[in-house]
Structures are given as C-alpha cells and as structure tokens.
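Below you'll find the structure, written out as structure tokens, and then a few comments.
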Amino acid sequence: MPLITYSPKVFIPLTKLCRDVCHYCTFAQPPRRGERAYMRADEVLEVARAGAEAGCHEALFTLGDKPELRYRAAREELAELGCGTTIEYLARMCELVLAETGLLPHVNPVDMTAEELLLLRGVSASQGIMLETASPRLSEKGLPHHGSPDKLPEWRLETIRLAGDLAIPFTTGILIGIGETREERLDALAAIRDLHERHGHIQEVIVQNFRAKPGTKMAAAPEPSLDELLWTARAARELLGPDMHIQVPPNLSYGDFPRLLEAGIDDWGGISPVTVDHVNPEAPWPEVECLREATEAAGHALAPRLPVYPEYVAELERWTDPRIAQEIRKHADAAGLAREDRWVAGVERTPPPLPAKSASNSVLLGVEELDEDAITALFQARGPRLGAVLAAADELRRETNGDEVTYVVTRNINYTNVCYFRCGFCAFSKGKLAENLRGAPYLVPTDEVVRRCREAWDRGGAEVCLQGGIHPAFTGDYYIELVEAIKGELPDLHVHAFSALEVWQGAATLGVPLADYLTRLREAGLASLPGTAAEILDDDVRRVLCPDKVSTEQWLEVHETAHEAGLRSTVTIMFGAVESPRSWAKHLVAVRDLQKRTGGFTEFVPLPFVHMEAPIFLQGNARPGPTFREAVLMHAVARLALHPHIRNVQASWVKLGLEGAQACLRAGANDLGGTLMNESISRAAGAEHGQELPPERMEEAIRALGRRPRQRTTLYGAPSAERQALSYGAPPLAEPLNPHVNDAGLKRPERLVRPGLVST
C-alpha cells in the first residue's frame, strides 16, 4: 500500500518583520509600537512544550527575511538579546527548543551564507527555503517580487547549492499563480532537479498555490485553479522522478484536497494540532483523521514523519550533526518515520489501540512461503493493511494452535553479571546503572544455583533457565559442572541453558569441536538451549550492536550442531535498537532456512529492545526500542513467515507488559512464556515489569482473551498433574544469595577467546 506522509509539528513565527515586500504576503508586518520584534524565549518554549505534549515531532521556525537590515527596532532588540543577526537568535531558540522539549527544529529562514547554514546545521534537523520561481522577471517593477531583494532567484539557488555542499537535508519548492508561466514553473523545477542531482540533499519539493489575501497588492489577482495545481504537481513528479518527495499543502485546497493525490504527491506537509498556519491563517489544516480517511479512501496509508525523511535518517552520520542525530533517533521508528505512540518496551504504560482487523485476503497471507522482500513489506504495514496482517496472523494461529495459550513454570537464574564481551545493548553487565537494577558484580556459587533449582522444583517448576555473563575465568568445564550439579540433585528437572555465545566460548576455551562439546553438555544433562545471543542475524547490524560476539554464521552453526546432537532450542530476535525492517526479514529467513534443515527450534521469541539503561542508547546511538505497532507486527509477521516450520510464537510479558502481551496473543502469538520467578536482565535495562507472573495471573490474563490456558514443558509437552498442582499457591521465594564476584577467587586467564579473534 503506497505511503503518504505528514509531519506533526508546531509553527513558531519567530519574527514577522521582513525587509521584503512581496505583493501577496500577509505574514510580514511592520514594527508596531509596544510590540516586540521577536518572540521571547518563554513564548517559544510555551508553543514548543504544547507541541511536545500533543505528540508533535517538529518545531517549524518561520521568520521574515533579514529584518535587521531594514528596521531599527529589529537591530535594537537583537542587541538587547546579545545577537548581531536574526539568524543568530534563531540558532539560540533552536538550541533552547532542542534542550528543553526534544522537538526537532526545521528552519525556514532566508538566503544564507555558508557560515549561517553551518550554524543552523548544528541546532536543527533540516532546513528549507522556497525557491518560488527561477524567473528574475517576477522581480521587475509591477510584479510580485519587486522590492524584495531576498527573492532574487540567483541568491535562493545559491543558498540551496551551499546547503548541498554542507550536506543539509533541504526543503524547497515553487509558488504558482503569481504571474509566472508554465514554462517558468518547469524551469524552476528543473533548476531544483539539477541541484539535487549534484548533491542529493533536496528531500522534498513543495508545489504551493497562491491564495489572494485582502490587504495585499494582489488581493484581486486570480488564483490558480485546482486543475492548474494538479497539472503542476504532475509535472513536478515527472521532472523530479519517482523517488523525490512531493508535497502540496492540503489546507490551501480546502475541501478539494483529496484530489491532490491524483497528481502523484506523497506528502501532506506539516499538520499542527496546536498552532495555525501563520502564513495562511485563513486556511486551517485538516484534522489528521480527515487526512487519514481521504488517504485510505484513495488506496494509500497515512504515516507521520520527521522533518528529515527516512532516506536521510538511514544516513544520519552523513546528513546531520552528531548531536542532532542522537535527537532524531529518539523520535524515529525502524523505517525512519516518526514514532506514532509513546509506548516503550519495559515500561508500565497502557498500549495504544491498533487498527481494526480486516479479513480482506487474510488467508492468502499465510499460504505461500514469503521471501525477504515480502516479509520486509509486511513489517511496514499501516492502516487497513496492518489490520489485514494482524487478522491473517491470528487466523493462521487459530488454524495451527487452536485457542489454547501455553506457558511454562520456570525459574531464571542469571548466575553472574560479569562479562568480558562488549555488547552495546547490554545493561546487565555494564553501563550507567543504578545499584537497585544491577547491584555489585556477583557470581552465584554452584550450591546456591542448585538450591534455587530445588526451590523452583518444589514450587512446581518444570524448567530452569540458566544464562549469564561470561566471566573471563570461565571455561567450558564450568558450564558442564554446573549442569552436572543440578542434575545430580534434581534428575527430572529440565535444564534449559546457555546461549550460543556461551556454548561457542565453552568449546573454544577447551579447544574442542562444537559437536563434541555439545555432546558433553547433553550427556551432563543439558536438555535444550535458549535462542538468545541471536539479537539480529544480520552481520551489518551485529557490527554495531555486538561487534565481538558470535557472527550470524556462528550463531546458526551452534544451533544446527545442537540440533544434530539431539538438543532442541528456541530462537529469539532482539529488535528496535538500530536495525531496519529489512534486517528483521533477513533474520526470519535465516531462522526458517535452518529450521527446514533440522526442525530443531521449538518456538520463536521476539524480545523488544529495552532501552532505558542500555549503553548504546545512553550514548545516543540507538532508538528507544520498537513502537507498539512494530512490536505487535513482529509477532504477526513471524507467524506468517515461519509457518509451518515453527508452530509456536511467544509473547514476552517481561518486555511487553501484560496488556502488550495480550495484544500479541491476538495477533499470531500462542505462548505467554515463563513464570520466571526471578528475572534480572530486563530489570537491569530499566524494565518496570515484575519478576514473576504466577500461574494464577497467567491464566487470568489468558482467559480474559477468551482463550484456554495450558501449562507446558519446555518442549511443549504436558507437565504431570503433581507438577501443576504444586505450581498454584506457591510459597514466597527465599532471598537469593548473590556473593561478590571476588569471593570466588577466580583468576583471569592470560588470553581471552573471542569469535574469530584472540585477545590478551
């Protein structure tokens, strides 16, 4: 479904003084006695804060052209403010809005020097200036730009060129109906195209229609017809090509705005829930829901965007100042568009509503094996298409699993929070952490691990899940001895343990092949592997997230070898940090291909990135996790893409919250994971959700959906009646013992093993 975007914004008219006298403009006003020339800082912040509260992402700064060159009042006020020019004051206000509200400034000033453009680049996400026309004829006497030196095309084109030299995402456009000819419009569009071909920096072109305003010299001038506007927009699309973003302001076409889509535009421009269009105050913006209805009626989907378009968000290092790049990531979703809600993984917050499910073509979505392109497209579903994807996944889940929702009574044991690997997303073993989240570096003694396992068994546990950091002193023998100790005490407890990284490191430290090491683990009593350490199975992403961890090939090799050794495993994906929907699709295809060879995966477990204390987020290099739409889509698309090879899709209540997990159970998931008893890794990352969800609450949440709860084993069998009976009304857990790591007296080896790397 083609996408039509808009930018949720606030409009900040920093000054209405202007040295130009365009014959159609009512924005520019002369100084008035008793009125300030510029908005005060508190006035700017009041507007920006209202916009942030209303869910806006952009602060659009509009101002007159170099008023200090014409008006003494402007010069005097700038001097009081400690500024020499309007551009300096604009930069200061952009900085203020960024720091105090997080809104992303987009600035529309005037013809600028390279120094002025560079100054604004450091405090704004994008910039713009309307070319309006490439014809100097319109500056002749009696025509609309006469007496307006800043409207000379040569100066405007030079500003646009300089912005390209400086790699500034830039907006420009033309104004039609002010006396230009069609040929002159085409000349202006061609000039824009030529500059973009040289620099690639023009992210959108606006085709704006003149509207006659009372009190101007052009009050009686004829306005361009809708047909003329449509002709020009079509010409822009043809001249600028399919990849250019073309905008026509909907408010200037009033009730006819839906017809603008006929011309091939793909953007509605800025829409504000807070402020009017100060340039065209007589023309209110349509409500977003009105835009959505018109857009969807034309067969498109509507999506909010940022002041920078997705193509530029994908290359922030090239197109923005590093500080601005950090701010943009906070606002962006995985596609580089604007986040649609304030939901984040790990936080107790009611999820936003999702579109109503549509049964349209839903059965077809699960019939054929989806390739990487098709999976990527499903991940970007919005509007009616999103409803159809969720419905298809839910229908396929019902056909595959019925209305049963499973869960396992388990205990998580994170045996150490010390790790010598440098995963940027991990707050468990490193990062800017509060003591109550991680605590001091610890190593749980083996007898304490066994005690916790016994406690879990006595509370009806069917499984213990062991995972931890990798202490520099660990060798493969540590993991084997840990399993042997547990099985020696509790021979019937299912030991679900060790990520692919732990297995790889264990084999590497002993210098034995993976197959031999996994066989030893199985003989010691290991029953299955968790599918963690997968993160994103795309090495371009892994180089950012976890550069010294196992590669995609190594992760797949560990699990394929485990399956061949008779061990089953789960598979996870950690999403919402730095990757794109294309990377998600690559991950699913890689997992599916392995499953088709081995059949060893029992379930797929999406794990939304919990960002709050993650080092990569605190450094400004990651997004704040997935949006809720993305989180639910991950479960739905996984159901469709992995069918029929992986039958079970799990919703993590720890990451999603119970309401979020319930939404995923309505969109393709059939499993609610484990009761956990203890959970440390998500808590260290800042998650607020509880450490245990007992069977009673699990089943209450499942029944609330009209579904049937069922306890399961790790491999989706049924626990004994005795095990299940013990799990209800279980007594409180004893306080766990986490001695300081130094108490263990472990010695760091002379060298540490890393995948493909030996480090001293």
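Computed from a predicted structure; not experimentally measured.
A donor atom on one side chain and an acceptor atom on the other are not found under 3.5 Å apart for T295 and H300. For the residue pair T86 and Y38, a side-chain donor N or O sits within less than 3.5 Å of a side-chain acceptor on the partner.
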Would R92 and E95 count as a salt bridge (charged side-chain N to carboxylate O under 4.0 Å, His left out) here? Give the steps.
CA-CA 5 Å; R92 184 187 297 178; E95 170 67 36; over 6 Å; no
Between R193 and E197, does the side-chain contact (heavy atoms from CB on, under 4.5 Å) criterion hold? Intermediate values first, please.
CA-CA 6 Å; R193 178 197 61 198; E197 287 177 350; 3.6 Å; yes
Step by step, would you call M612 with V347 a side-chain contact (heavy atoms from CB on, under 4.5 Å)?
CA-CA 9 Å; M612 286 75 78; V347 174; 3.8 Å; yes
Given E35 and Q29, is the side-chain contact (heavy atoms from CB on, under 4.5 Å) satisfied, shown in steps?
CA-CA 11 Å; E35 292 186 6; Q29 301 290 333; over 6 Å; no
Passes side-chain contact (heavy atoms from CB on, under 4.5 Å), K213 versus N280? Steps please.
CA-CA 9 Å; K213 295 176 172 60; N280 301 283; 2.8 Å; yes
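D165 and R161 are joined by a salt bridge, as a carboxylate oxygen and a charged side-chain nitrogen come within less than 4.0 angstrom of each other. With respect to the salt-bridge test (charged N to carboxylate O, under 4.0 angstrom), the residues R211 and D277 do not qualify. The existence of a salt bridge linking E289 and R292 is confirmed by a sub-4.0 Å separation between a basic side-chain nitrogen and an acidic carboxylate oxygen. Ion pairing between D111 and R19 fails under the 4.0 Å rule for side-chain N and carboxylate O.
A side-chain donor-acceptor contact under 3.5 Å links R339 to the backbone of A332. The backbone N or O of I129 sits less than 3.5 Å from a side-chain atom of T172, completing a donor-acceptor pair. Side-chain atoms of H331 come within 3.5 Å of backbone N or O of G102 as a donor-acceptor pair. At distances below 3.5 Å, not a single donor-acceptor pair connects side-chain atoms of E184 with backbone N or O atoms of S135. For the pair D266 (side chain) and I246 (backbone), a donor-acceptor distance under 3.5 Å is present. R237 places a side-chain N or O within donor-acceptor distance of the main-chain N or O of M244, the cut-off being under 3.5 Å. Between the side chain of R121 and the backbone N or O of L166, at least one donor-acceptor pair lies under 3.5 Å. For N209 (side chain) and L252 (main-chain N/O), a donor-acceptor pair under 3.5 Å exists by modelled atom type. Listed for the S7 side chain is no donor-acceptor partner under 3.5 Å among the backbone atoms of K9. With hydrogens and angles ignored, the 3.5 Å screen pairs a side-chain donor or acceptor of H201 with a backbone N or O of I160.
The shortest side-chain heavy-atom distance between H245 and R305 does not fall under the 4.5 Å cut-off. Side-chain atoms of W285 and P249, non-hydrogen and from C-beta on, never get closer than 4.5 Å to each other. No side-chain heavy atom of P169 sits under 4.5 Å from any side-chain heavy atom of Y309. Two residues are said to be in side-chain contact when any heavy atoms from C-beta on lie closer than 4.5 Å; T171 and Q247 fail this criterion. Contact check for D20 versus P149: side-chain heavy atoms found under the 4.5 Å cut-off. In this structure the side chain of S148 never reaches within 4.5 angstrom of the side chain of S139, judged on heavy atoms. Counting heavy atoms from C-beta on, the side chains of M93 and V123 never come closer than 4.5 Å. Side-chain atoms of K151 and R156, non-hydrogen and from C-beta on, do get closer than 4.5 Å to each other.
Paired with V248 under the rule side chain to side chain contact (heavy atoms under 4.5 Å, CB included), one option of L230, T232, D267, L229 passes, and it is L229. With respect to D65, the side chain to side chain contact (heavy atoms under 4.5 Å, CB included) criterion is satisfied by exactly one of C22, C18, P109: C18.
Taken to the nearest 0.5 Å, the CG atom of L240 stands 8.5 Å off from the CD1 atom of I202. In this structure, the separation between CG on L69 and CG on D150 is 8.0 Å, given to the nearest 0.5 Å. Atom CG of N108 sits about 9.5 Å away from atom CD of Q127, to the nearest 0.5 Å. L103 CG to L60 CG: the interatomic distance, rounded to the nearest 0.5 Å, is 11.5 Å. Atom CG of L104 is separated from atom CG of L98 by 7.0 Å, given to the nearest 0.5 angstrom. For the atom pair M574 CE and I536 CD1, the distance stands at 6.5 Å (nearest 0.5 Å).
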Using a 3.5 Å cut-off and no angle test, enumerate the donor-acceptor pairs between side-chain atoms of residues 617-624 and protein atoms at least two apart in sequence or in another chain.
| residue | atom | partner | partner atom | Å |
| --- | --- | --- | --- | --- |
| R623 | NH1 | E579 | O | 3.1 |
| R623 | NH2 | E579 | O | 3.0 |

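Environment of CD in E183: sparse, with no more than 12 heavy atoms of neighbouring residues, nucleotides or ligands closer than 6.0 Å. For E88, the CD atom counts as densely surrounded, since its 6.0 Å shell holds more than 12 non-hydrogen atoms of other residues, nucleotides or ligands. Within 6.0 Å of the CD atom in E287, the count of heavy atoms belonging to other residues, nucleotides or ligands does not exceed 12.
Between M218 and F210, the closest heavy-atom pair is O-CZ, 3.7 Å. Nearest heavy-atom pair across G84 and L78 is O-CD1, 4.2 Å. Looking at every heavy atom in both residues, L291 comes nearest to P286 through CD2-CG, 3.9 Å. Of all heavy-atom pairs spanning L162 and M112, the tightest one is CD1-O, 3.8 Å. Taking all atoms of both residues into account, the shortest heavy-atom contact from A74 to L17 is CB-CD1, 4.0 Å. Across P67 and T15, no two heavy atoms sit closer than the pair CG-CG2, 4.4 Å.
Residues forming a salt bridge (charged side-chain N to carboxylate O under 4.0 Å, His left out) with D243 (at least two apart in sequence, or on another chain): none. Under the rule for a salt bridge (charged side-chain N to carboxylate O under 4.0 Å, His left out), the partners of E43 that lie at least two apart in sequence or sit in another chain are R40. The salt bridge (charged side-chain N to carboxylate O under 4.0 Å, His left out) search around R582 returns E372, D373, not counting sequence neighbours. Residues passing the salt bridge (charged side-chain N to carboxylate O under 4.0 Å, His left out) test with R185 are E180, E228, sequence neighbours excluded.
The aromatic ring centroids of F609 and F425 lie 6.0 Å or more from each other.
Using cut-offs of 30° and 60° for the angle between ring planes, the F27 and F11 rings count as tilted.
Counting only residues at least two apart or on different chains, the salt bridge (charged side-chain N to carboxylate O under 4.0 Å, His left out) pairs with a member in residues 45-60 are R49-E100.
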